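First up is the structure itself, then whatever we jot down about it.
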Amino acid sequence: MLKILIYILTVLLATQGCQQHTLPGNKKYLPMVGDIEHDITFDDPNFELCNEKNAKQYHNLNEEMQYEGEKNALVNTFKTQFKSNDTISESGMIRIRFLINCKGETGRFRLVEAGYDYKEKQFDPYITDQLIKITKSLKGWKILSDKFGPKDYYQYLIFKIDAGKITEILP
């Protein structure tokens, strides 16, 4: 009887741990650390996810970049569309992280900027505005599916910038 009670208590505690918790001010934890929450003041209201709670993180894909033409096509797009400015000499890294829904559409773009010392910094909007605009215009994202159907997934691009010019795009 004691074993049964311990089992029931364990199951109840385990299921409590899987539920979404509430923070002070009734703010809820997101399902995964780093999830991008919809911001009505910033995000495209027409962008919808198919199953937000099950969006795949990029580290769970175990596949190459999900873009038509792979990374070469993506890099070529930035090479032809990004215009450097010789008066801007900033260097560092800019990460753009976003979601791709089950239809291959993109949304919820977020930007993180840092110097090569990994300290947060703000780049000239001439650089960041172009990077965001080009990233938003990319239309070759593949639909990711598994045995249950198409999935939403996260993607990121990191731009290494030297003297205002893109020197490398990761991943």
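In this text the structure is predicted, and so the values were computed from the model without any measurement.
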Query raised in the report: When clusters are formed by joining ILVMFWY residues with side-chain heavy atoms under 4.5 Å apart, either directly or through shared neighbours, do Val75 and Ile134 land in the same one?
Result: yes
Is [X] reaching over with its side chain to a backbone N or O of [Y], donor-acceptor style, under 3.5 angstrom?
X: Lys165; Y: Ser89; result: no
X: Asn101; Y: Glu48; result: yes
X: Lys103; Y: Ile100; result: no
X: Glu90; Y: Gly164; result: no

**Report entry** Aromatic Phe82 / basic Lys79 pairing, under 6.0 angstrom, 45° off normal
**Finding:** no
Side chains of [X] and [Y]: closer than 4.5 Å at any heavy-atom pair?
X: Leu170; Y: Leu157; value: no
X: Met93; Y: Tyr116; value: yes
X: Lys121; Y: Ser91; value: no
X: Ile169; Y: Phe78; value: yes
X: Phe47; Y: Phe109; value: no
X: Leu111; Y: Arg97; value: no

Report task. Before accepting this row, confirm whether a basic side-chain N of the pair Lys142/Glu70 lies closer than 4.0 Å to the acidic partner's carboxylate O. Result -> yes
To the nearest 0.5 Å, how far apart are [atom1] in [X] and [atom2] in [Y]?
X: Glu113; Y: Phe123; atom1: CD; atom2: CZ; value: 6.5 Å
X: Ile132; Y: Phe98; atom1: CD1; atom2: CZ; value: 9.5 Å
X: Ser84; Y: Asp162; atom1: OG; atom2: CG; value: 12.0 Å
X: Tyr153; Y: Gln66; atom1: OH; atom2: CD; value: 5.0 Å
X: Asn76; Y: Gln81; atom1: CG; atom2: CD; value: 11.0 Å
X: Ile166; Y: Ile127; atom1: CD1; atom2: CD1; value: 9.0 Å

Query raised in the report: Under the side-chain hydrogen bond (donor to acceptor under 3.5 Å, both in side chains) rule, what pairs show up with a residue in residues 128-138, not counting sequence neighbours?
Result: none
Query raised in the report: Step by step, would you call Thr167 with Phe159 a side chain to side chain contact (heavy atoms under 4.5 Å, CB included)?
Result: CA-CA 8 Å; Thr167 58; Phe159 303 90; over 6 Å; no
Specify the closest pair of heavy atoms between [X] and [Y], including all atoms of both residues, with the distance to one decimal.
X: Ala55; Y: Leu99; result: CB-CD2, 4.1 Å
X: Ile143; Y: Pro150; result: CG2-CB, 3.8 Å
X: Lys71; Y: Pro171; result: NZ-O, 2.9 Å
X: Asp44; Y: Asn46; result: OD1-N, 2.8 Å

Requested in this report: Verify side chain to side chain contact (heavy atoms under 4.5 Å, CB included) between Thr106 and Leu138, making sure each step is shown before the conclusion.
Outcome: CA-CA 9 Å; Thr106 56; Leu138 296 170; over 6 Å; no
Query - Of all pairs that satisfy salt bridge (charged side-chain N to carboxylate O under 4.0 Å, His left out), the ones with a partner from residues 150-160, not counting sequence neighbours - result: Asp146-Lys151, Lys160-Glu168
Report task. Ignoring hydrogens and angles, state whether a donor on the side chain of Asn72 or Tyr67 is under 3.5 Å from an acceptor on the partner side chain. Result -> no
Query - Stepwise side chain to side chain contact (heavy atoms under 4.5 Å, CB included) check, Ile158 with Ile94 - result: CA-CA 6 Å; Ile158 296 175; Ile94 300 170; over 6 Å; no
Query raised in the report: Please walk me through it: do Ile88 and Tyr126 pass side chain to side chain contact (heavy atoms under 4.5 Å, CB included)?
Result: CA-CA 9 Å; Ile88 298 173; Tyr126 182 84; 3.6 Å; yes
